[in-house]
Structures are given as C-alpha cells and as structure tokens.
Participant: 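Before we start, here is the structure in question, set down as structure tokens.
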Amino acid sequence: MLQVNEIRANFAHACERLNARNIENPEELLGNVLKLEDLRKQIQLDRDNLQAESNAISKQIGQLMKSGNREEANKIKERTSEIKQQVKTLEERYSQTEKELTQILYTIPNIPHASVPAGNSDTDNEVVLENGTIPSLEDSNKSPHWDLIKKYDIVDFELGVKITGAGFPVYKGKGAKLQRALVNFFLDEAEKAGYAEVQPPILINEESGYATGQLPDKEGQMYFAQEDGLYLIPTAEVPITNMYRGSILQEEELPIKNTGYTPCFRREAGSWGAHVRGLNRLHQFDKVEIVQITHPDNSYKTLDEMSLHVQSLLQKLELPYRVLRLCGGDLGFTSALTFDMEVFSAAQERWLEVSSVSNFETYQSNRLKLRFKNKDKKTVLAHTLNGSALALPRIMAAILENNQGEEGIKMPKVLVPYLGFDTIK
RNA sequence: AGAGGAGUGGCAGAGUGGUCGAAUGCGGCGGUCUUGAAAACCGUUGUACCGCGAGGUACCGGGGGUUCGAAUCCCUCCUCCUCUGCCA
C-alpha cells in the first residue's frame with residue numbers, strides 16, 4: 001500500500017509513473033486520497049480536542065468525589081455526557097473515513113520504478129539480455145515434454161486427476177527424483193549465496209494475505225479453507241515475508257536474506273488455454289523462493305544481485321535464457337520493478353517464464369509495518385524483495401525438452417550428484 | 001476435542017475503578033569515577049497519529065460493552081500453559 005505522505009510529496013511523479021501502468025486518471029485517484037487524508041486529520045483534531053476536555057473533566061470529577069463534593073461533581077457530569085455523544089459521532093466518522101481511505105489505497109498498485117517502460121502487455125516487455133545458445137528449430141524433431149513424460153513414465157497427469165483434479169500431477173520414479181534434486185540444488189545454492197533457510201507454514205491467515213498484497217487483489221486466485229479461514233499459499237513469499245510483519249529491526253540486521261522451499265497453490269481461474277499444456281501451468285507446483293529485506297538505499301543493488309543469483313542457477317543448469325524488464329502493463333500489482341527470467345524451449349518453440357524477481361520498495365512493508373531503526377534512531381520502512389529461485393515445473397519441462405536425444409534425456413551435470421543417475425531412459 | 005489457569009513496556013514482574021503510559025528489577029543508551037575495563041553511582045530508555053511548537057490523543061492479547069472515568073468490571077474472539085482424550 002502506498003504511503004500517503006509519499007503521494008503528497010511526489011504527486012506529479014506518482015501520476016506520471018502510474019500512467020505507465022495504464023491507470024485511468026491517476027490525478028483524480030490520488031487527489032481523492034489526499035482529500036480523504038485531510039478529512040481524516042481534521043476529524044482526528046476535533047475528536048482529540050473533545051477527548052482532552054473530557055479527560056480533564058473526568059479528573060476533576062474524581063477529585064471532587066474524593067473531597068466529598070458530590071453535587072459539584074454531578075453538575076459537571078452533564079458536560080461530559082454531551083461530549084460523549086459528540087465523540088461517538090466523530091469516532092464513527094473517523095473510522096469510516098479511514099476505512100474509505102484504506103479501501104482506495106488497496107486499489108492503487110505500486111508506483112513503477114523510473115526504468116519501467118510503459119506498455120500494455122507482455123509484448124511490451126523489454127529484453128535486457130539473452131544468454132546461452134538457443135537451440136535451432138530446423139534440425140529439431142524434438143518432442144514436447146508432455147510426450148516425453150509419458151514415454152519415460154516420470155509424470156502422470158491422469159493419476160493426479162483421479163486423486164485431485166487437473167493440474168495436480170503425480171511425479172514418479174526419476175521424475176520424482178528430479179524434483180527432489182532440483183529442490184536440494186536450489187536450496188544449496190541459495191545457502192551458498194547467504195540466504196538462511198526456513199520452512200514456513202503453507203497455509204496463511206487473512207492478515208498475512210493482506211500484508212503482502214495477495215488480498216484483496218488476488219482473492220479468487222488462492223485456495224481457501226473455509227472452515228478455518230486459511231488460504232493455501234500461492235508462493236513462499238507470503239509466509240516468509242510475513243515472518244517479519246510488525247517488526248522493528250536494527251539497521252545492522254539488514255539485509256535479511258531468507259530462502260525456503262514450499263509447494264505453491266494457484267487456482268488459475270480462467271487462465272487455461274493453448275499454452276498451458278503439461279507442466280506449463282499447474283495448480284500445485286514446487287518452488288524455492290528467495291526473500292530479502294533491505295535498507296531503502298540498497299534495494300536496487302539487491303535486486304540486481306538477486307537477478308544474478310537466478311541467472312547463475314540457469315547457467316549451471318545449462319539452460320538458454322533471457323531476462324526481461326516488465327513493462328507497466330505486465331508488472332505485478334505490488335511491484336515497483338520486476339525482472340522475469342525465461343528459458344527457451346526448442347520443442348515448444350517459445351520462451352517459458354521460470355522466475356520473477358521484484359522490488360516492492362515500501363509497498364509491502366507499509367502494510368506489514370516492517371520497519372527498522374536507522375542511524376538517526378528514526379523508525380523507517382524497510383524495502384522488501386523476492387524472487388523465484390526457482391519454480392520447478394517449467395525448469396523440468398525445459399530440461400526434458402532441451403536435453404532429449406536418442407539415448408534418453410541427459411541431466412545437467414550439477415544435478416547428477418543429487419540424482420544418482422545422469423540420463424533418463 | 002473437554003476441564004482449569006494465564007495473557008501488562010526488549011525481558012522478568014507489580015498493579016483489581018480515578019494524578020497509571022503504568023512501580024520495581026534486569027537489559028539497552030548517555031555520563032561520573034578509572035590508564036582501560038568491571039563494579040558503583042547519576043541520568044535516560046515503548047509505538048502510532050495530530051500539531052510549526054508547547055503540547056494533545058490512542059494503545060496493558062484483538063474486538064465490543066458498562067461508567068463522568070477501565071490495565072482493573074462485563075461479553076466475545078484469539079493465543080499460551082496444565083490435566084484428560086485423540087494422533088503423525
């Protein structure tokens with residue numbers, strides 16, 4: 001959620017940047033925020049003054065009662081009941097105004113970083129770099145992974161349908177081992193890069209959902225356990241970042257670096273189509289996430305560091321990839337700047353998104369109330385960042401599709417120690 | 001899941017209707033003393049909002065209520081502990 005003070009201080013800039021997201025008439029939207037904030041302040045002032053008077057009178061009554069002067073006490077009681085009514089009215093107006101303000105703020109996405117290009121959709125994303133050799137398409141009679149997994153019997157979708165439904169595959173044999181190897185490899189690499197591993201809960205309460213911005217924005221995208229009011233996590237970002245909700249850290253503790261492996265659950269309502277076959281889009285998938293909490297001065301340096309970490313994983317897995325800077329139209333609601341990493345699949349003849357690393361600046365920390373004491377002993381909001389490092393299914397798809405050959409599917413060298421075999425045949 | 005108990009400042013722990021935002025101890029920070037350190041002593045030490053400021057308001061697990069006045073009384077929810085039950 002945006003900070004009202006920041007909106008006020010950088011009004012023109014905020015409007016200009018929200019235009020990059022195709023927000024209609026940001027001047028009016030942000031103008032309303034400021035108006036409501038002014039109203040809120042005015043109500044608070046009136047209310048506080050009345051309460052100050054009431055407190056003073058109550059004290060007087062106490063003293064009069066003590067000295068036995070009941071009559072006088074009863075006399076001034078009248079004024080307090082008058083004040084009480086007024087305070088009650090103001091109290092209602094106050095919470096209503098505050099609620100209204102929060103509701104509007106919930107609908108406003110993060111202000112895109114200056115480097116975010118304007119644009120409507122993923123076609124406007126900016127390619128930052130490409131790495132690795134893109135497999136040529138001519139000499140490839142490569143099979144897509146949904147054929148390969150059947151051929152080698154390593155992922156079973158039908159079985160998943162029987163147990164749960166579409167989008168919940170069963171990994172079998174070497175497929176299951178490959179999953180486990182990837183998780184361990186990713187966690188080990190994250191640990192080497194200084195991320196402390198955690199295993200968070202995979203169900204979260206409503207408060208956590210609001211704090212990192214999944215609610216109310218993505219309400220329908222999360223599975224909901226109604227009986228207990230808990231949501232299945234769409235990403236480990238939610239529980240890991242929420243570990244620090246309400247915290248006031250010391251500046252020396254920054255940056256905080258955490259990594260965690262979790263399954264992730266997404267309803268993906270209404271997003272099924274031509275490009276979602278096989279492992280391309282699932283309701284349940286595994287992911288290793290990296291999260292950082294940083295000093296505001298360092299967050300963009302940190303974003304680059306995280307991007308390089310993800311890239312190093314792709315290089316070690318010998319996958320050709322590219323890095324995209326997301327345009328305003330494709331940028332996530334809570335993000336100020338996002339880099340997507342995509343690997344190329346020769347069999348599908350297209351790029352597959354395998355990671356997203358984002359800087360949320362203070363958008364999440366403002367909701368999280370995640371702060372730190374700076375050198376001047378002032379309490380200020382920290383910046384939060386996260387990234388997938390990495391999501392498994394499409395990595396698995398790319399490994400299968402890009403490494404297939406006559407003799408089977410060659411496993412990337414770095415995974416062999418984890419797997420105990422070098423080829424799926 | 002049932003019965004009982006408890007939730008107070010960074011921690012420990014008083015306070016059961018009126019100068020209580022809250023005693024005291026520990027810890028933290030600053031200082032005195034010391035060649036330095038420790039000890040001792042003195043001072044200071046929660047968060048948020050409003051206000052140029054003086055200052056004001058709110059917060060004693062969350063929400064609601066009673067009262068002129070609530071940490072204190074009532075209702076409700078949450079969490080933790082103990083016992084019983086159940087169970088990876």
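Hydrogens, waters and symmetry mates are skipped; everything else that's a heavy atom, side chains included, is used.
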Participant: Given atom CD of A/Q44 and atom C1' of B/rA48, what is their separation to the nearest angstrom?
Facilitator: 10 Å
Participant: In the strands shown, is B/rC86 matched to any nucleotide by a Watson-Crick or G-U wobble pair with both distances under 3.5 Å, and which?
Facilitator: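 Paired with B/rC86, as far as the under-3.5 Å criterion goes, is no nucleotide at all.
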Participant: Once you apply the 3.5 Å cut-off to both distances, tell me the Watson-Crick or G-U wobble partner of B/rA58, or none.
Facilitator: B/rU47
Participant: Output the rounded distance in Å from CZ (A/F372) to C1' (B/rU47).
Facilitator: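 It works out to 17 Å between those atoms.
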Participant: By nearest atom, which of the nucleotides B/rC50, B/rU57, B/rC68 is closest to the A/E37 side chain?
Facilitator: B/rC50
Participant: Within this structure, what is the CD1-to-C1' distance between A/I76 and B/rC68, rounded to whole angstrom?
Facilitator: 8 Å
Participant: Picking from B/rC49, B/rU47, B/rC68, which would you name as closest to the side chain of A/T379?
Facilitator: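 The listed nucleotide nearest to A/T379's side chain is B/rU47.
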Participant: Hey, does the side chain of A/R371 come within less than 4.0 Å of B/rA48's phosphate (OP1/OP2), counting only N and O?
Facilitator: yes
Participant: Could you check whether A/I61 gets within reach of a base, just the sugar-phosphate, or nothing at all, counting any heavy atom under 4.0 Å?
Facilitator: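 Here A/I61 touches the bases of the nucleic acid.
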Participant: Test A/Y231 against every option in A/E206, A/Q221, A/E219, A/Q214 by the side-chain hydrogen bond (donor to acceptor under 3.5 Å, both in side chains) rule and name the one that passes.
Facilitator: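 Per the side-chain hydrogen bond (donor to acceptor under 3.5 Å, both in side chains) rule, the option paired with A/Y231 is A/E219, out of A/E206, A/Q221, A/E219, A/Q214.
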Participant: Looking at the side chain of A/Y94, which of B/rC68, B/rC49, B/rU57 is the nearest nucleotide?
Facilitator: B/rC49
Participant: State whether A/F421 and A/K177 meet the cation-pi test: NZ (Lys) or CZ (Arg) under 6.0 Å from the six-membered ring centroid, and within 45° of the perpendicular axis.
Facilitator: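 Checked: cation-pi criterion not met.
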Participant: Looking at A/K162 and A/D156, does any basic side-chain N land under 4.0 Å from a carboxylate oxygen?
Facilitator: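 Looking at A/K162 and A/D156, the cut-off is not met.
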Participant: I want to verify a distance call: between B/rU47, B/rG51, B/rG56, whose nearest atom is closest to the A/A52 side chain?
Facilitator: B/rG56
Participant: Would you mind classifying the nucleic acid contact of A/T80 as base, sugar-phosphate or nothing, using non-hydrogen atoms under 4.0 angstrom?
Facilitator: sugar-phosphate
Participant: Within this structure, what is the NZ-to-P distance between A/K378 and B/rG46, rounded to whole angstrom?
Facilitator: 16 Å
Participant: Using a 4.0 Å heavy-atom cut-off across all strands, classify A/R40 as base, sugar-phosphate, or nothing.
Facilitator: sugar-phosphate
Participant: Can you check whether A/K373 has a side-chain N or O nearer than 4.0 Å to OP1 or OP2 of B/rG28?
Facilitator: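 False: A/K373 side-chain N/O out of range (4.0 Å or more) of B/rG28 OP1/OP2.
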Participant: Just the rounded figure in Å: distance from C1' of B/rG69 to NZ of A/K59.
Facilitator: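 In whole Å, B/rG69 C1' lies 11 Å from A/K59 NZ.
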Participant: Rounding to an integer number of Å, can you tell me how far A/E91 CD sits from B/rG64 C1'?
Facilitator: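 About 13 Å, once rounded to whole Å.
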Participant: If you measure from the Lys or Arg side-chain nitrogens to the Asp or Glu carboxylate oxygens, is any gap between A/K88 and A/E91 under 4.0 Å?
Facilitator: no
Participant: Can you tell me which nucleotide in B/rG56, B/rG18, B/rC50 comes closest to the side chain of A/D48?
Facilitator: B/rG56
Participant: If B/rG25 has a Watson-Crick or G-U wobble mate with both distances under 3.5 Å, name it; if not, just say none.
Facilitator: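 Pair assignment: B/rG25 / B/rC11.
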Participant: With a 3.5 Å limit on both atom pairs, tell me what B/rA6 is paired to, counting Watson-Crick and G-U wobble, or say none.
Facilitator: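 WC or wobble partner is B/rU79.
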Participant: How many Å lie between NZ on A/K88 and C1' on B/rU66, as a whole number?
Facilitator: 12 Å
Participant: How are the rings of A/H295 and A/F372 set to each other: parallel, tilted or perpendicular (split at 30° and 60°)?
Facilitator: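 Ring orientation of A/H295 relative to A/F372: tilted.
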Participant: Can you tell me the base-pairing partner of B/rC41? Count Watson-Crick or G-U wobble geometry only, both distances below 3.5 Å, and say none if there is no partner.
Facilitator: B/rG31
Participant: Does A/E318 pair with A/K410 as a salt bridge, N-O distance under 4.0 Å?
Facilitator: no
Participant: Looking at A/N55, does any N or O in its side chain come under 4.0 Å of the phosphate oxygens OP1/OP2 on B/rA58?
Facilitator: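 Answer is yes, contact under 4.0 Å.
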Participant: Using the side-chain heavy atoms of A/Q51, tell me which of these nucleotides is nearest: B/rA48, B/rG56, B/rA58.
Facilitator: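 Among B/rA48, B/rG56, B/rA58, the one nearest the side chain of A/Q51 is B/rA58.
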Participant: Distance check needed: B/rG56 P versus A/D46 CG, whole Å only.
Facilitator: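 Value for this atom pair: 18 Å.
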